[in-house]
Amino acid sequence: METKHTPGPWALDWNVARIDVFSADAATLVATVRRSTLSQAIDEAARANARLIAAAPGLYDALREVFEYLDAIPESAVGGDDDAVWLARKARAAIAKAEGK
């Protein structure tokens, strides 16, 4: 599978006004999240958002592996397990969204 996104892991660079998300080699700026010096709640949300963005490549890879595992299970083995079918559909939808499909 060929991906078009910047390969992970991604790293965070914290400063007073913003949090930058960079590729591991620091050659590519992936995202910038604005911080707030006026609101602790907004600043905490910005920090959480930056961590989630930085975790995206690992989350994407893990979800693809989970989907491939679920997709490889024959339907007869699942035997009407709605939870497994629901998980596979949810994983497929999330991967498609991440891939812009």
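Numbering starts at 1 and runs along the sequence shown.
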Is there a path of hydrophobic side-chain contacts, each under 4.5 Å between heavy atoms of I, L, V, M, F, W or Y residues, that connects I53 with F22?
no
What about V21 and L29, same hydrophobic cluster or not, with Ile/Leu/Val/Met/Phe/Trp/Tyr joined at side-chain heavy-atom distances under 4.5 Å?
no
By side-chain contact (heavy atoms from CB on, under 4.5 Å), L59 pairs with (sequence neighbours left out) L52, A55
In Å, rounded to the nearest 0.5 Å, how long is the span from NZ of K101 to CZ of R92?
11.5 Å
Does V30 offer a backbone N or O that forms a donor-acceptor pair with the side chain of T28 under 3.5 Å?
no
State, to 0.1 Å, how close W10 and A54 come at their nearest heavy-atom pair, and which atoms those are.
CB-O, 3.7 Å
When rounded to the nearest 0.5 Å, the distance separating CG of L12 from CZ of R47 is 10.5 Å
Shortest non-hydrogen contact from I19 toward A46
CD1-O, 3.9 Å
For residues 15-25, which residue pairs pass the side-chain hydrogen bond (donor to acceptor under 3.5 Å, both in side chains) check, not counting sequence neighbours?
R18-D20, D20-T32, S23-D25
Main-chain N/O of S39 paired to D43 side chain as donor or acceptor, under 3.5 Å
no
